[in-house]
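To start, the structure itself, in structure tokens.
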Amino acid sequence: MIDYKEIEAKWQKEWSDAHIFEGEVNDKEPYLVTAAWPYVNTPLHIGHLRTFGTADALARYKRMRGFNVLYPMGFHATGTPVLAFAKRIKNGDQDIVDELKVFHVPEEEIKKMTNPAYIANYFIKESGQLYQRAGFGMDMRRSFTSIDPTFSKLVEWQFGILNSKGFLTKGKHPVGWCPNENNAVGMHDTKHDVEPEIEEEIVVKFKVDGEEAYILCTTYRPETIFGVTNLFVSEKSTYVACRIGDDDKRYYISKASAGILKYQMNVEVLEEVGADKLLSKTCVNPVNGSMLPVLPGFFVKEDVGTGAVMSVPAHAPFDYAALERLRKEGRLKQEIKPIKVLDVEIGRSLSDVSVVETKPSQMDIPAFAYLEMLHTSIDAIDDMLESATKLEYREESHWGKMTVRGYEGMSEPEAREKVTGELTGKGDAFKMYVLQNAPVYCRCGYEVVVKVVENQWFINYGDKAWKTATKDVLKGMHLYPEKTRNAFDAAVDWIDLRAVARAQGLGTRFPLDSTKIIESLSDSTIYMSFYTISNLVRDVPPEKLKPEFFDFVFRNIGDADAVAKSTGIDYSLVKRCKESFEYWYRYTSRHSGPDLIYNHLTMYIYNHVAVFNKDCWPKQIAVNGFVLSEGEKMSKSLGNIVPLIDAVEKYGADPSRLNIIAGADLLNDSEYSEKAIRGIQERLEYLQDSILGLEKFESGELKRIDYWLYSKLSDKIERTTRYMDALELRSAYTNILYDSVLELRRYLARGGHNGIAVKDFLSSVVLMLQPVAPHVAEEMWHTLGNTTFVSKEKWPAESGEMRNEKVEKEEELVDSTVEDAKQVMALMRKKAGKKARRLHVIVASDWKRKLVAALVSKKDVGKALESLRGEEGVDMELAGKLAGALAKRINEITPVSTTQLEEFDGVEEAAAYISKQLECDVSVEMEQKSKSPRAGRAMPMKPSLDIELE
RNA sequence: GCGGGGGUGGCAGAGCUUGGCCAAAUGCGCAAGACUGAGGCUCUUGUGGUCUAGAACCUGCAAGGGUUCAAAUCCCUUCCCCCGCACCA
């Protein structure tokens with residue numbers, strides 16, 4: 001048994017004195033590894049282990065390869081989550097208390113967490129300890145947080161540059177808004193943590209006939225305006241006449257919608273109007289002047305959109321149903337005929353036979369056809385109408401072609417864009433925003449609305465030159481895994497305006513408007529550069545960290561003397577900062593999760609391009625997948641988050657690391673599972689037992705199987721190195737852990753017992769184990785008799801000298817012989833009911849190898865046979881037979897490199913092993929000397945087997 | 001809808017970039033045996049189908065089609081699943 005706790009404590013203590021990573025400027029090649037810093041309201045869970053551990057493994061590996069590695073870590077504290085957190089504690093929110101208890105936060109600590117700074121400090125302290133417990137070789141001397149005043153100076157400097165380059169712009173922006181608290185609300189501020197999803201709708205103005213007024217209708221499908229037959233309002237609701245925006249026209253909308261719309265534009269209510277007043281009106285279609293009666297629509301809701309909709313009975317099941325119901329009730333005074341505006345193959349996306357066989361009776365009214373298709377009617381419940389609507393909208397949008405003059409053949413999205421442009425251009429329509437997932441409630445209880453914020457500041461990632469430059473940088477970057485490149489390309493392309501300042505939250509003040517705080521993803525795009533000097537400027541008063549200091553240190557502008565004078569910072573310190581930055585920032589590897597590709601990581605590249613000189617632009621990004629807990633996605637709501645400390649306490653740091661870091665390919669989700677960890681522990685114990693059992697072995701001369709072990713080792717080193725370089729940790733560690741155990745077992749089963757060979761093998765395995773399982777590796781290294789730190793050793797070298805393909809081939813031959821014999825024996829036992837007494841293994845004569853080689857090179861049976869004529873020992877008749885059999889696979893066969901003697905020796909040497917495997921006697925024979933009638937069947941690498949029954 | 005990723009055995013998950021040696025690594029599960037007082041652990045063997053004195057053959061990698069001597073691997077079409085769509089970390 002391995003006592004993980006004990007060896008972890010032991011080596012963590014030793015390491016703290018040893019300084020695994022030098023962390024200072026020296027003459028080695030630098031390698032800076034940074035991982036996305038954790039947010040300070042979340043205790044670390046095993047999801048963090050994935051990213052931090054992957055970065056740690058890389059850092060440790062690169063160290064062994066001779067680099068001077070720096071792996072620092074800090075903490076993110078800006079933004080609103082920690083504020084919301086404090087507030088919830090203050091309000092005695094039980095949910096959050098329960099969450100914290102999962103992470104073993106003591107009750108008395110929870111009580112104190114009413115102050116954001118306290119919360120931050122608590123988790124920073126806790127996390128720092130956890131980093132050590134997990135065995136991360138982080139340099140915490142450089143740690144800082146995003147709310148440190150010195151760090152704010154860097155952010156201010158960064159935004160000064162963005163501004164000077166014209167990347168900061170101002171405009172309007174819709175946000176989720178709480179009317180009660182007068183705040184923007186994000187996911188953290190809503191009940192049940194739902195993100196308010198904002199969607200654009202088109203509002204069309206319909207002129208009332210004979211009156212200087214308009215009824216406003218909301219729609220998602222403005223292109224169907226050509227099919228409008230009437231308008232619908234809710235007859236039970238109250239409407240208002242009002243002025244909207246800056247014109248002085250009179251508009252009718254529902255009273256409820258007026259209350260919502262006022263957050264998006266000026267709304268001045270003039271008077272209340274009953275629905276009955278509107279129902280008596282007739283409107284004019286702005287696109288074709290047709291007359292549209294206003295009718296009561298049973299499905300119209302006063303608080304959705306403007307509380308009025310345009311009716312397109314041909315293409316909207318609800319509209320069609322509403323009209324038909326009115327007709328049935330005798331309330332339809334005039335004839336209304338649906339107007340079809342687009343063609344689609346109805347039911348195209350359905351596969352259900354009963355549906356497909358349904359023949360709609362009226363193809364010129366798709367809305368009705370869709371109802372028939374779903375075996376329902378105009379009297380169906382809303383849910384049925386809704387699913388018909390969804391189906392119709394989807395198919396029409398996907399495959400529909402416009403039939404309206406001027407738009408013929410256009411797809412619906414195309415037409416939508418065109419019509420929207422025309423309507424808004426003429427002032428017949430405008431955009432409004434709605435919450436797609438309404439209702440959303442603020443934690444205070446009020447319903448969230450959409451507010452259009454004026455004077456919002458943005459970072460303009462849409463800037464053409466900036467985008468082009470960023471794309472260029474991306475092209476030259478290493479991405480792990482490479483297949484994320486598509487996502488990065490798409491992200492860099494897609495990212496456009498990003499709101500950058502908000503009214504609330506912790507962080508750095510926005511330089512162009514000091515009432516605002518810089519949004520918290522935007523203040524963390526170049527923070528990794530600060531690690532290079534954070535330890536040096538820790539005690540420098542923030543006000544001294546003027547832009548010229550950063551300009552000099554990070555951009556090589558100006559000179560040290562002048563900077564020292566103008567800032568009051570010590571000249572030598574200024575020089576050291578510059579030296580440190582320029583040294584460390586040459587090669588950087590950035591680690592993060594896949595959810596950050598579309599924001600943080602993309603912004604990271606953009607901002608480096610904007611701020612730094614070319615040689616400091618990003619070089620490498622590694623993206624790792626999430627961690628599942630026993631097959632489930634971890635989430636607060638499921639209550640299945642596994643705190644990092646739990647994993648480490650229960651299974652040990654190294655088994656957890658191996659499971660989570662090396663348990664899946666980089667970008668795949670890895671699974672935290674007890675069974676998998678147990679399996680890992682078993683392998684580790686096997687290796688340890690092997691080390692402890694070394695003394696039982698002899699030394700002596702190397703045998704064939706020892707050469708095999710060395711050859712396997714050589715292959716292992718070569719492959720693992722390749723895998724590590726590509727950050728394929730899973731492959732690397734199946735190779736090191738699982739395969740090593742299998743090879744050792746085979747070695748022993750084959751009778752291997754050379755202590756030196758096994759020790760050499762294990763030593764290399766332990767070295768390669770170090771990056772992911774540092775404690776266990778350290779312990780094993782010392783058990784092997786070493787006195788150095790394995791974490792400071794060199795990665796094993798592979799010269800290729802230990803490679804022995806011949807022996808490996810021979811071992812393969814042994815394996816396949818055993819396998820084939822087993823198969824045959826099983827059949828014989830089944831058929832004859834007898835067991836084998838003796839197995840004759842007959843290896844093929846050398847002339848057969850020549851035959852194969854000749855067939856491969858000549859690709860012709862006749863010529864190949866001819867080349868054999870006259871050779872010694874050749875049985876031409878047999879040769880002809882064999883050649884004929886091989887001929888049909890002539891393009892597949894490959895020449896065999898082993899000679900008969902080698903095969904013979906190889907099998908002969910393994911005879912005892914084969915005998916044990918098969919539980920019968922074994923004799924090995926040369927084909928030409930064998931008396932067996934089956935001898936002729938022997939082929940190179942495929943000996944003939946002759947089984948004597950008992 | 002747009003964008004990104006994916007669909008392989010009872011399950012998880014390799015292989016697909018560089019088409020052939022892939023019935024398909026490794027692990028789990030399951031079955032049999034060994035060990036044990038018993039269980040667990042551990043070890044051995046088996047685990048698509050069919051047949052066989054032979055060491056093989058057949059079928060297979062979401063569905064369909066194509067390119068090729070040869071496709072899980074390349075191309076096209078369709079279906080399905082997951083993730084992201086912003087001011088929020």
Side-chain angles (χ1 to χ4, degrees), chain A residues 36 38-39 41-42 76 78-82 173-176 184-189 193 195-198 220 349 351 393-394 397-398 412-413 416 453 456-459 482-491 493-502 505 519-522 524 594-600 625-626 628 631 633 663-665 667-671 673 675-676 678-680 682-683 685-686 730-731 733-735 737-739 742 745 749 816-817 819-828 830-832 890-894 917 934 937-939 942-947 949:
Chain A
Y39 196 78
N41 74 348
T42 318
H76 195 200
T78 43
T80 52
V82 73
H173 190 65
V175 294
V185 289
M187 198 170 82
H188 305 284
D189 312 306
D193 281 344
E195 180 77 45
E197 287 172 43
I198 296 166
Y220 289 108
S349 64
S351 54
Y393 281 19
R394 197 179 71 216
S397 155
H398 210 149
E412 205 179 9
R416 182 171 308 157
V453 179
Q456 173 63 269
W457 281 99
F458 298 93
I459 296 180
E482 177 62 28
K483 71 173 169 189
T484 55
R485 188 171 295 280
N486 288 340
F488 274 104
D489 281 338
D493 248 337
W494 158 85
I495 193 169
D496 193 22
L497 291 175
R498 178 163 186 111
V500 69
R502 47 180 304 163
E519 179 271 320
S520 55
L521 284 187
S522 300
S524 303
D595 48 334
L596 297 182
I597 291 179
Y598 282 88
N599 43 61
H600 168 75
F626 298 112
L628 304 179
K633 193 176 170 165
D665 282 334
L667 192 57
N668 284 8
D669 291 347
S670 71
E671 185 155 348
S673 94
K675 269 190 186 133
R678 296 266 181 236
I680 289 163
E682 281 160 22
R683 269 54 174 207
E685 275 161 31
Y686 185 90
R730 177 192 162 88
S731 301
Y733 282 89
T734 14
N735 202 227
L737 198 57
Y738 293 96
D739 293 350
L742 291 177
R745 277 188 190 148
S816 60
T817 302
E819 213 156 290
D820 289 346
K822 263 183 189 158
Q823 215 178 100
V824 178
M825 286 176 176
L827 284 169
M828 288 167 65
K830 211 163 83 182
K831 207 173 173 182
I890 202 156
N891 286 317
E892 293 168 30
I893 52 177
T894 50
Q917 292 289 313
R934 309 192 54 76
R937 303 186 69 115
M939 286 299 288
K942 206 77 183 163
S944 173
L945 306 179
D946 192 346
I947 297 162
L949 296 177

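Throughout, protein chains are lettered first and strands after them, A, B, ... in sequence-line order, and every chain is numbered starting at 1. As a basis for the values below, the full set of heavy atoms in this structure was taken, side chains included, without hydrogen atoms, waters or symmetry mates.
- Each of R498(A) and D669(A) has a nearest nucleotide on RNA chain B; the 5'-most of these lies closest to D669(A).
- Across the protein-nucleic acid pair, Y598(A) atom OH and rG3(B) atom C1' stand 5 Å apart, rounded to whole Å.
- Residue N668(A) places at least one side-chain N or O under 4.0 Å from the OP1 or OP2 atom of rA14(B).
- Within the shown strands, rG7(B) is the pairing partner of rC79(B) under the Watson-Crick or G-U definition, both distances less than 3.5 Å.
- rG65(B) and rA70(B) have their P atoms separated by 16 Å, with the value rounded to a whole Å.
- Between the side chain of R730(A) and the main chain of G663(A), a donor-acceptor pair closer than 3.5 Å is present.
- Across all strands shown, rG33(B) forms a Watson-Crick or G-U wobble pair with rC43(B), both key distances being under 3.5 Å.
- The OG atom of S524(A) sits 11.0 Å away from atom CG of N599(A), with the distance rounded to the nearest 0.5 Å.
- Computed from coordinates, the D665(A) CG to rA12(B) P distance equals 16 Å when rounded to whole Å.
- The side chain of H76(A) has rA89(B) as its nearest neighbour among rG4(B), rC41(B), rA89(B).
- If you check every strand for non-hydrogen atoms under 4.0 Å, I198(A) touches nothing.
- Base-pair partner of rG48(B): rC58(B) (Watson-Crick or G-U wobble, both distances under 3.5 Å).
- Here the straight-line distance linking atom NE2 of H600(A) with atom CG of L521(A) works out to 8.5 Å at 0.5 Å rounding.
- Between rG29(B) and rC16(B), the distance separating the two C1' atoms is 27 Å to the nearest Å.
- In this structure, Q456(A) reaches neither bases nor backbone, as no heavy-atom distance under 4.0 Å exists between it and the strands shown.
- Taking atom CZ of R678(A) as the reference point, atom P of rU42(B) lies 10 Å away to the nearest angstrom.
- In this structure, P594(A) and L667(A) have side chains that are in contact, with non-hydrogen atoms separated by less than 4.5 Å.
- Using atom C1' as the reference point in both rU67(B) and rG15(B), the two lie 22 Å apart (nearest Å).
- Side-chain nitrogen and oxygen atoms of T80(A) include at least one within less than 4.0 Å of the OP1 or OP2 phosphate oxygen of rA89(B).
- Residue R683(A) has a polar side-chain atom (N or O) positioned under 4.0 Å from OP1 or OP2 of rG27(B).
- Contact annotation for G79(A): backbone-only contact, meaning every heavy-atom pair under 4.0 Å involves sugar-phosphate atoms and none involves a base.
- Atom CZ of F626(A) and atom C1' of rC83(B) are 8 Å apart (whole Å).
- Contacts of N41(A) with the nucleic acid, taken as non-hydrogen atoms under 4.0 Å apart, are absent.
- With C1' as the reference atom, rA34(B) and rG13(B) are 31 Å apart, rounded to whole Å.
- Protein atom CZ of R416(A) is 12 Å distant from nucleotide atom C1' of rC2(B), rounded to whole Å.
- Using the Watson-Crick or G-U wobble rule with both distances under 3.5 Å, rC85(B) pairs with rG1(B).
- Across all strands shown, nothing is found opposite rA14(B) as a Watson-Crick or G-U wobble partner with both distances under 3.5 Å.
- With hydrogens and angles ignored, the 3.5 Å screen pairs a side-chain donor or acceptor of Y39(A) with a backbone N or O of T78(A).
- Nucleotides rA89(B) and rG9(B) are separated by 41 Å at their C1' atoms, to the nearest Å.
- Here rG84(B) presents its P atom at 16 Å from CZ of F488(A), a figure rounded to the nearest Å.
- How far CG of L737(A) is from OH of Y686(A): 12.0 Å, rounded to the nearest 0.5 Å.
- Minimum atom distance to the side chain of W494(A) is reached by rA86(B), of the listed rA86(B), rU26(B), rG4(B).
- Summarising the geometry, atom CG belonging to D496(A) is positioned 12.0 Å from atom CD1 belonging to I459(A); distances are rounded to the nearest 0.5 Å.
- Not one side-chain nitrogen or oxygen of K483(A) sits closer than 4.0 Å to the OP1 or OP2 atom of rC16(B).
- For S944(A), counting side-chain heavy atoms from C-beta on, the closest listed nucleotide (rG4(B), rC41(B), rA55(B)) is rA55(B).
- With P as the reference atom, rC30(B) and rG40(B) are 11 Å apart, rounded to whole Å.
- Distances were taken from every side-chain heavy atom of R730(A) (C-beta onward) to each of rA89(B), rA25(B), rC41(B); the shortest belongs to rA25(B).
- Comparing rA89(B), rU26(B), rC85(B) by their nearest atom to the side chain of L521(A) picks out rA89(B).
- Within the 4.0 angstrom heavy-atom criterion, no nucleotide atom of any strand lies near P594(A).
- Distance, K675(A) NZ to rA12(B) C1': 11 Å, rounded to whole Å.
- The residue among N599(A) and D496(A) whose nearest nucleotide of RNA chain B is located toward the 5' end is D496(A).
- Taking CG of L497(A) as the reference point, atom CD of Q456(A) lies at 10.0 Å (rounded to 0.5 Å).
- Spacing between rG19(B) and rA71(B) at atom C1', rounded to whole Å, works out to 6 Å.
- Set against rG27(B), rA89(B), rG4(B), the side chain of Y39(A) has rA89(B) as its closest nucleotide.
- If you measure from atom CG of N735(A) to atom P of rG13(B), you get 21 Å, rounded to the nearest angstrom.
- When the P atom is used for both rA14(B) and rU8(B), the distance is 11 Å, rounded to whole Å.
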